[in-house]
Amino acid sequence: EQIERSFAGARALGPLTLEAQAQCVTAVLGPSGCGKSTLLRLVVGLLQPDAGTISIGGTPLTAANLRGLRLRTGYVIQEGGLFPHLTAYDNVALLPRDLGRGETWIAARVAELATLCHLPAEFLPRFPAQLSGGQRQRVALGRAIVREPKAFLLDEPLSNLDARLRAEMRAELARLHRRLGATMLYVTHDQEEALTLGDRVVVLRDGAVQQAGPPLELYERPANVFVAGFLGAPAMNLLPGASGLALDLPSTRPPEPVIGVRPGDVALVAPGTGHADARVEVVEVLGHATLVHLRLAGSGAALRALVTGAGSLAPAIGETAGVRLATERLHLFDPRDGLRLELSGPTGG
């Protein structure tokens, strides 16, 4: 609640108020330097806020109860944070030994967690340097789970993995959450992770919350230009009102709003039959679709169209194509403050 944190006089976070709801995954999403990791380090007690309060399960986080609250949380960082001189087994067993658990209990628990995290038993005697990135992250998750925490704090745990491993580990995290039913605060710069894992997504920029809500709500109704441009791959087209598009926009103030349209809502048609003509500059073949980069005639504004389906028109570089926007799916934003404007009538043209 009302958290603030500065470094060398420069504000890194806040004032920020955020609730990670019980038994849900709250994904905190934003670009590098927006304050995501600072937020998580404040929650885990590695940093102290300059102002505001942090509570876990209704208990305020203070120096006096820091150790007790840490035992109720499982913290996993980007690099895994394993002790290099300990085997995978001993990394997981370290905390239970510190708490006085017997070796029989520890052996059974480590074996159970290895199965849960899909880590074969033959990898447990190995040191971190002998494990792959995905295996190290599985060990780090096991080490976090062993304390049976009420909440998991995950700081970009998959960002060092290749695309295939990220997809596998993302699915494993989703399965773990369903099985454990724990609260998760998941920090990431990867929108795919946030949208697929998060029950609720919080978008940060410059230490401030831009929008928070269910993933589809943020995708379908971005609150401002930043959220609109940040969520979605490929990114939403954001066009100045004076882009030469033959659109009959509803009455809005200001008269020339920023027009947002996702590439999948831009169709390529014969020249002269759409909302504008455009010159094809780049064609990216993605396999399942083709991303066409265009330059609008007259205004010179850049536009991207995502072409899918065998019957779709995909012109060659240098050719001219007509572009038709799905007018019922347009987004309008105020050019002065970037905030969303509500459509108040049909669009066309």
Side-chain angles (χ1 to χ4, degrees), residues 1-7 10-63 65-82 95 136-137 140-141 143-145 147 149-161 166 169-170 173 176-177 180 182-212 230:
E1 296 180 290
Q2 296 297 310
I3 290 297
E4 295 182 32
R5 174 69 196 205
S6 297
F7 296 96
R11 178 167 294 182
L13 197 68
L16 181 147
T17 296
L18 170 66
E19 180 182 4
Q21 297 175 346
Q23 298 182 321
C24 293
V25 179
T26 300
V28 180
L29 174 68
S32 297
C34 73
K36 306 185 301 295
S37 294
T38 298
L39 171 63
L40 216 56
R41 289 177 185 133
L42 287 165
V43 175
V44 82
L46 296 176
L47 295 174
Q48 299 301 313
D50 298 326
T53 59
I54 299 170
S55 300
I56 301 177
T59 302
L61 180 63
T62 64
N65 63 16
L66 178 59
R67 176 171 170 79
L69 286 177
R70 276 184 176 170
L71 290 175
R72 296 170 61 185
T73 61
Y75 185 43
V76 181
I77 63 175
Q78 180 175 338
E79 299 82 7
L82 301 179
L95 180 68
R136 287 195 293 270
Q137 288 302 92
L141 285 170
R143 189 178 63 177
I145 296 169
R147 65 184 67 185
K150 298 296 183 184
F152 286 89
L153 309 175
L154 307 172
D155 189 0
E156 304 209 40
L158 311 183
S159 60
N160 282 345
L161 307 181
R166 276 203 307 273
M169 289 298 295
R170 190 165 62 237
L173 281 171
L176 276 172
H177 176 253
L180 299 173
T183 305
M184 288 187 177
L185 187 59
Y186 190 102
V187 160
T188 181
H189 67 273
D190 187 318
Q191 58 175 292
E192 189 172 355
E193 288 179 18
L195 294 174
T196 55
L197 286 173
D199 299 301
R200 188 164 175 260
V201 176
V202 179
V203 179
L204 282 189
R205 182 191 187 193
D206 297 332
V209 174
Q210 301 296 299
Q211 190 175 0
F230 193 73

Task: Separation of L173 CG from Q137 CD (nearest 0.5 Å) - done: 9.0 Å

Tell me which donor-acceptor pairs under 3.5 Å the side chains of residues 23-44 have, and how far apart each pair is, sequence neighbours excluded?
unit_1, atom_1, unit_2, atom_2, d
K36, NZ, G30, O, 3.0
K36, NZ, P31, O, 3.1
S37, OG, D155, OD1, 3.0
S37, OG, D155, OD2, 3.2

Task: Which atom of R143 lies closest to which atom of L82, heavy atoms considered - done: NH1-CA, 3.8 Å

Task: Heavy-atom check, side chain of L158 versus side chain of E193, under 4.5 Å - done: yes

TODO: Scan for salt bridge (Lys or Arg N to Asp or Glu O under 4.0 Å) pairs involving residues 196-206, sequence neighbours excluded, and state none if there are none.
DONE: none

TODO: Please identify each residue that fulfils side-chain hydrogen bond (donor to acceptor under 3.5 Å, both in side chains) with Q191, with sequence neighbours left out.
DONE: none

Open item on the list: Evaluate M184 against L154 for side chain to side chain contact (heavy atoms under 4.5 Å, CB included), listing each step before the verdict.
Closed with: CA-CA 7 Å; M184 288 187 177; L154 307 172; 4.1 Å; yes

Task: Heavy-atom closest contact (I3 atom, G52 atom, distance) - done: CD1-C, 3.8 Å

Open item on the list: Checking E192 now: which residues fulfil side-chain hydrogen bond (donor to acceptor under 3.5 Å, both in side chains) with it, not counting sequence neighbours?
Closed with: R170

- [ ] For A12, enumerate each residue passing the side chain to side chain contact (heavy atoms under 4.5 Å, CB included) test, keeping only those at least two apart in sequence or located in another chain.
- [x] F7

TODO: Quick one: closest heavy-atom pair of V187 and P157, and the distance?
DONE: O-CD, 4.3 Å

Open item on the list: Run the side chain to side chain contact (heavy atoms under 4.5 Å, CB included) test against N65 and tell me which residues pass, sequence neighbours left out.
Closed with: T59, L61, T62, L69

Open item on the list: With side chain to side chain contact (heavy atoms under 4.5 Å, CB included) as the criterion, how do F152 and L176 come out once you've worked through the C-alpha distance, each side chain's angles and the decisive distance to 0.1 Å?
Closed with: CA-CA 11 Å; F152 286 89; L176 276 172; over 6 Å; no

Task: Listed partners of E1 passing salt bridge (Lys or Arg N to Asp or Glu O under 4.0 Å), at least two apart - done: none

Open item on the list: Is the shortest side-chain heavy-atom distance between V76 and L141 below 4.5 Å?
Closed with: yes

Task: Partner set under salt bridge (Lys or Arg N to Asp or Glu O under 4.0 Å) for R5, not counting sequence neighbours - done: none

TODO: Could you please spell out the steps behind the side chain to side chain contact (heavy atoms under 4.5 Å, CB included) verdict for V203 and V209?
DONE: CA-CA 6 Å; V203 179; V209 174; over 6 Å; no

- [ ] Give every residue pair that meets the salt bridge (Lys or Arg N to Asp or Glu O under 4.0 Å) criterion with at least one member in residues 23-33, sequence neighbours excluded.
- [x] none

Open item on the list: Test of understanding: with side-chain hydrogen bond (donor to acceptor under 3.5 Å, both in side chains), list the residues that count as partners of H177, not counting sequence neighbours.
Closed with: none

Task: Which residues share a side chain to side chain contact (heavy atoms under 4.5 Å, CB included) with E4, sequence neighbours left out - done: R11, P15, A51

Task: Partners meeting salt bridge (Lys or Arg N to Asp or Glu O under 4.0 Å) with E19 (sequence neighbours left out) - done: none

Open item on the list: Nearest 0.5 angstrom please: L197 CG to T188 OG1, how far?
Closed with: 8.5 Å

Open item on the list: Looking at every non-hydrogen atom in both residues, tell me the closest pair between P149 and G74 and how far apart they are.
Closed with: CB-N, 3.5 Å

